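What follows is a set of notes on a single structure, which appears directly below.
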Number of protein chains: 2
Amino acid sequence: MGRAKVADAAGGASVRGRIDKRQAILDAAFVVFAREGYAQASIDLIAAEAGVAKPTIYNHLAGKENLFRHAMAAAADRSTARTLAAVSRLTADAPDLHLAFVDVGRALLDCYCSADSWALRRLLHAEIVRFPDLFDLVGASGPGQVAQAVADRLARLALAGRLRLTDPVEAGEQFVALLTGPVAGRSALGTLPFDDVQRQAAAHSATVTFLRAFGAEPSEPVGGA
Amino acid sequence: MGRAKVADAAGGASVRGRIDKRQAILDAAFVVFAREGYAQASIDLIAAEAGVAKPTIYNHLAGKENLFRHAMAAAADRSTARTLAAVSRLTADAPDLHLAFVDVGRALLDCYCSADSWALRRLLHAEIVRFPDLFDLVGASGPGQVAQAVADRLARLALAGRLRLTDPVEAGEQFVALLTGPVAGRSALGTLPFDDVQRQAAAHSATVTFLRAFGAEPSEPVGGA
DNA sequence: ATAGTAATGAACTTATTGGTTCAACAAAAT
DNA sequence: ATTTTGTTGAACCAATAAGTTCATTACTAT
């Protein structure tokens with residue numbers, strides 16, 4: 001590794017002379033932090049993963065704590081963006097409400113179950129005590145935006161007379177809770193994967209009870225699938 | 001501190017000659033692990049918290065990893081017992097179903113929001129990568145038992161014609177998801193407390209949508225509270 | 001009383017790691 | 001060609017912590 005001349009030798013991004021080593025460092029830092037945890041992740045390890053020398057890290061991002069914060073913030077931004085894109089699939093003019101909710105639920109669940117997303121939540125939980133500001137940095141804004149987006153969509157549906165609800169943000173919270181709660185409870189916290197059919201089933205079951213509680217149309221009688 | 005003769009000098013439990021230093025160590029270990037995280041919690045710190053000398057820890061529980069596992073398992077057992085007691089409040093002969101669900105929901109939420117419970121989940125999330133067996137040790141059995149207990153109660157209710165559901169374990173998962181999901185999303189992960197009125201509101205709102213989806217009686221029309 | 005057992009404190013070893021310094025170096029700009 | 005800037009490798013320092021050893025001390029059972 002090191003001052004590579006070839007396109008992508010080992011780490012992934014290390015080519016462009018000296019620009020944007022920073023991004024490579026940030027990415028590698030998140031990877032290593034996710035794999036090792038904050039305390040166990042050594043700067044040497046991160047440097048190796050990034051294909052970069054140790055002093056370079058201290059040049060761009062002074063100190064481990066700063067590096068951690070920036071890496072977490074970057075990962076959180078990525079994750080939030082993906083999730084917001086998933087939410088945008090829920091349009092008010094969907095022909096079949098059930099199908100629409102299963103679809104967006106499935107997409108949300110894919111985001112939720114991605115390796116990055118698990119790692120982000122794990123690190124957030126793990127280090128929230130020593131880094132209380134982490135909550136404002138990633139824990140609040142990300143889910144906050146998502147909740148807002150979901151609430152917006154639900155409000156539109158309610159206004160169109162297709163949903164019967166009074167508080168869209170509460171209903172939104174409950175939909176994602178219905179979606180992610182069972183997954184979080186069963187799935188060994190991202191250690192072992194939650195496969196496609198399980199996610200589909202989870203999205204379906206969450207949709208069924210959500211629409212039973214809030215749907216304007218009677219939907220299916222009882223039996224599901 | 002140390003070989004105390006008085007009842008409770010500093011740590012809390014250190015009186016009885018040499019018996020049950022072990023328990024004191026386990027308790028102190030969980031406290032310190034919860035406060036500092038695994039890596040940052042030094043054996044010296046745990047020894048100090050327990051009012052016990054360092055070699056004593058190595059006598060009773062060889063090594064940090066072993067100590068961690070045992071401390072986590074003990075804390076998990078305590079937590080599960082409390083939660084199961086809370087679930088037992090949901091009887092099939094409740095006069096008002098809404099009230100009964102709010103009540104048990106409230107109790108479950110109290111368990112979920114206790115400092116120990118937050119700490120347990122935090123440590124579990126944090127160290128699941130380096131201690132994969134932790135999931136079988138605390139993550140699986142605890143919630144598994146709880147889910148089973150809730151499913152049992154729901155099945156009784158359904159059999160009595162007061163609930164309309166096909167899969168009691170799924171419904172149980174969804175009830176606790178409805179209950180804890182919004183709390184987990186908003187509450188800064190146990191850093192700042194979730195006060196009584198908020199918990200009451202959360203239990204109420206979870207109950208309303210759950211009964212809207214699964215209740216046999218029409219319950220309230222729309223507006224909640 | 002006495003012997004045996006468990007706990008204690010303190011020093012010690014060893015290993016890791018965050019953070020720094022510095023001379024050499026390669027590419028970019030002039 | 002030369003200066004400048006960011007990068008590199010390697011060595012170094014100080015701090016922290018896991019784990020161990022051991023002589024000493026205090027209970028407890030006989």
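Source: prediction; values computed, not measured.
Checked against the 6.0 Å centroid criterion, the rings of A:Phe101 and A:Phe175 qualify as a close aromatic pair. In this structure, A:Tyr38 has its ring center closer than 6.0 angstrom to the ring center of A:Phe131.
For B:Tyr58, the listed nucleotide lying nearest its side chain is D:dA18; candidates were C:dG18, D:dG9, D:dA18. For A:Asn59, counting side-chain heavy atoms from C-beta on, the closest listed nucleotide (C:dG18, D:dT7, D:dA18) is D:dT7. The side chain of B:Pro55 lies closest to C:dT8 when the candidates are C:dT8, D:dT8, D:dA17.
Taking atom CZ on B:Phe33 and atom P on D:dA17, their separation rounds to 13 Å, with Å as the unit. One can place CG of B:Asp44 at 12 Å from P of C:dG9, the figure rounded to the nearest angstrom. Taking atom CZ of residue B:Arg22 and atom P of nucleotide C:dA7, one finds them 11 Å apart after rounding to whole Å. In this structure, the CD atom of A:Glu36 is 11 Å from the P atom of C:dG18, given to the nearest Å. Whole-Å rounding puts the B:Arg130 CZ to D:dA18 C1' distance at 13 Å. B:Asn66 places its CG atom 14 Å from the C1' atom of D:dG19, with the value rounded to the nearest Å. Rounded to an integer number of Å, the gap from CG of B:Leu61 to P of C:dA7 is 11 Å. If you take CD of B:Gln40 and C1' of C:dG18, they are 12 Å apart, rounded to a whole angstrom.
A side-chain donor from one of A:Gln174 and B:Ser205 sits under 3.5 Å from a side-chain acceptor of the other. If you check the side chains of B:Gln23 and B:Asp27, you find a donor sitting under 3.5 Å from an acceptor.
Within 4.0 Å (heavy atoms only), A:Ala41 reaches sugar-phosphate atoms of the nucleic acid but no base atom.
Donor-acceptor pairing under 3.5 Å, judged by distance alone, is present between the side chain of B:Lys54 and the base of D:dG19.
Neither OP1 nor OP2 of C:dA6 sits under 4.0 Å from any side-chain N or O of B:His60. At the phosphate of D:dT8, OP1 or OP2 sits under 4.0 Å from a side-chain N or O atom of A:Lys21. Applying the 4.0 Å criterion to OP1 and OP2 of D:dT7, one finds that A:Thr56 has every side-chain N and O outside that range.
Considering only residues two or more places apart in sequence or on other chains, B:Asp110 meets the side chain to side chain donor-acceptor pair (under 3.5 Å) condition with B:Arg106, B:Arg199.
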